[in-house]
Amino acid sequence: MTFLIGGDLPVHRLGFGAMRLRGTPDRRAESIAVARRAVELGVTLFDTADSYDLGGNEELLAEALHPYKKDIVIATKAGQCHPGTDWIPLGRPEYLRQQAELSLRRLRLDRIDLFQLHRVDPLVPLADQIGALRRMQDEGKIRHVGLSEVTVEQIEEARTITPIVSVQNRYSHGDRRWEAVLDHCEREGIAFLPWQPLAGSLPAREALTWLLDRSPVIVPIPGTSWMTHLEENMRAVTTGAGSR
Ligand SMILES: NC(=O)c1ccc[n+]([C@@H]2O[C@H](COP(=O)([O-])OP(=O)(O)OC[C@H]3O[C@@H](n4cnc5c(N)ncnc54)[C@H](OP(=O)(O)O)[C@@H]3O)[C@@H](O)[C@H]2O)c1
């Protein structure tokens with residue numbers, strides 16, 4: 001039940017989306033316990049972003065999991081700021097670099113295993129956005145590059161600059177609008193990390209089992225801040241068809 005991201009990052013087929021963890025005084029301890037329990041249950045891929053809780057989510061993950069076990073992969077993102085209620089694409093190369101540097105510090109890492117462009121900024125050439133990430137790869141600060149909410153054409157344009165190892169688009173049993181992108185990722189061996197994997201009408205476990213069976217490149221990243229939900233979700237890989 002592993003998927004090899006980028007040819008050298010083996011991850012458990014069920015990841016964990018950290019966005020739902022809460023750093024508030026009343027929920028921090030439970031959130032830390034949930035992240036640690038996820039590791040105990042076999043999760044190796046954790047997804048976060050610079051914009052979640054304005055960096056607080058990365059700090060929370062580091063508090064929970066650092067020093068990281070050898071097989072833990074932290075995937076973070078930048079390229080979309082969240083100053084209030086809005087989410088605003090922001091892909092200027094100097095901003096992406098600054099955010100990557102801040103993520104390294106908050107996550108207490110020397111290198112980010114998977115750095116994803118959170119959104120393509122329509123006001124900045126895609127080549128400039130990917131070029132900034134490529135330069136940080138060359139400097140050893142980023143290992144692999146991923147994308148989020150992208151079309152097949154954008155994936156292919158980005159791949160002319162650097163290998164793209166993952167795509168994170170919204171996808172679930174109830175939301176199939178990115179079907180063509182998923183099929184493309186499967187053909188190309190690119191990891192597909194559906195966000196909001198639980199959206200739709202199925203119970204959580206069935207929704208995850210359906211995704212795991214839908215394509216071998218799918219690595220769902222369900223999120224929760226509750227132990228009971230985490231444990232229920234992990235059962236999708238041990239008892240469902242997804243265990244195959
Ligand atoms: N790339 C992007 O643009 C983007 C956008 C959004 C999210 N993401 C990433 O994707 C991850 C997942 O997305 P998401 O959190 O929006 O959607 P999700 O994983 O589908 O979760 C949606 C809701 O389901 C609840 N839930 C989880 N397990 C459950 C269970 N067993 N039974 C009942 N309810 C359950 C969670 O609330 P409770 O806390 O109450 O369990 C959560 O509020 C995020 O953590 C984040 O890392 C990426």
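Numbering of ligands and ligand atoms starts at 1, following listing order. These numbers come from the heavy atoms of this one structure, side chains and all, not from hydrogens, waters or symmetry mates.
For Asn233, every heavy-atom contact with ligand 1 shorter than 4.0 Å involves the side chain, none the backbone.
Inclusion of Ala204 in the set of residues having an N or O under 3.5 Å from an N or O of ligand 1 is not warranted. Checking only distances, Thr224 does come within under 3.5 Å of ligand 1, N or O to N or O.
A salt bridge links Lys141 with Glu101: at least one charged nitrogen is closer than 4.0 Å to a carboxylate oxygen. Of the charged side-chain nitrogens involved, at least one lies within less than 4.0 Å of a carboxylate oxygen, so that Asp8 and Arg143 count as a salt-bridged pair. Under a 4.0 Å N-O distance rule, the pair Arg214/Asp183 qualifies as a salt bridge.
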*asked:* Could you go through Arg235 and Glu232, starting from their C-alpha distance and side-chain angles, then the distance that decides it, and tell me whether this counts as salt bridge (charged side-chain N to carboxylate O under 4.0 Å, His left out)?
replied: CA-CA 5 Å; Arg235 281 197 286 274; Glu232 181 188 341; 5.6 Å; no
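Gln80 is linked by a side-chain contact (heavy atoms from CB on, under 4.5 Å) to Trp87, His118, Arg119, counting only residues two or more places apart in sequence or in another chain.
Here the heavy atom of the protein found nearest to atom 24 (O) of ligand 1 is Leu198 CD1, 3.8 Å. Atom 25 (C) of ligand 1 has its closest protein heavy atom at Gly223 O, 4.2 Å.
Within the structure, the closest approach of Arg205 to ligand 1 does not fall below 4.0 Å when heavy atoms are considered. At least one heavy atom of Glu232 sits closer than 4.0 Å to an atom of ligand 1.
Summarising the contacts of atom 46 (C) of ligand 1 with Trp195, Tyr52, Phe16, the nearest heavy atom is found in Tyr52. Relative to atom 48 (C) of ligand 1, the option among Met227, Arg20, Gln168 with the closest non-hydrogen atom is Gln168. Residue nearest to atom 3 (O) of ligand 1, selected from Arg27, Arg119, Glu231, Gln196: Arg119 (by heavy-atom distance).
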Which donor-acceptor pairs under 3.5 Å do the side chains of residues 40-50 make with protein atoms, sequence neighbours left out?
residue	atom	partner	partner atom	Å
Glu40	OE1	Arg37	NH1	2.8
Thr44	OG1	His12	N	2.8
Asp47	OD1	Lys77	NZ	3.3
Asp47	OD1	Gln116	NE2	3.1
Asp47	OD1	Gln168	NE2	3.1
Asp47	OD2	Lys77	NZ	2.6
Thr48	OG1	Asn57	OD1	2.7
Asp50	OD2	Gln99	NE2	2.8

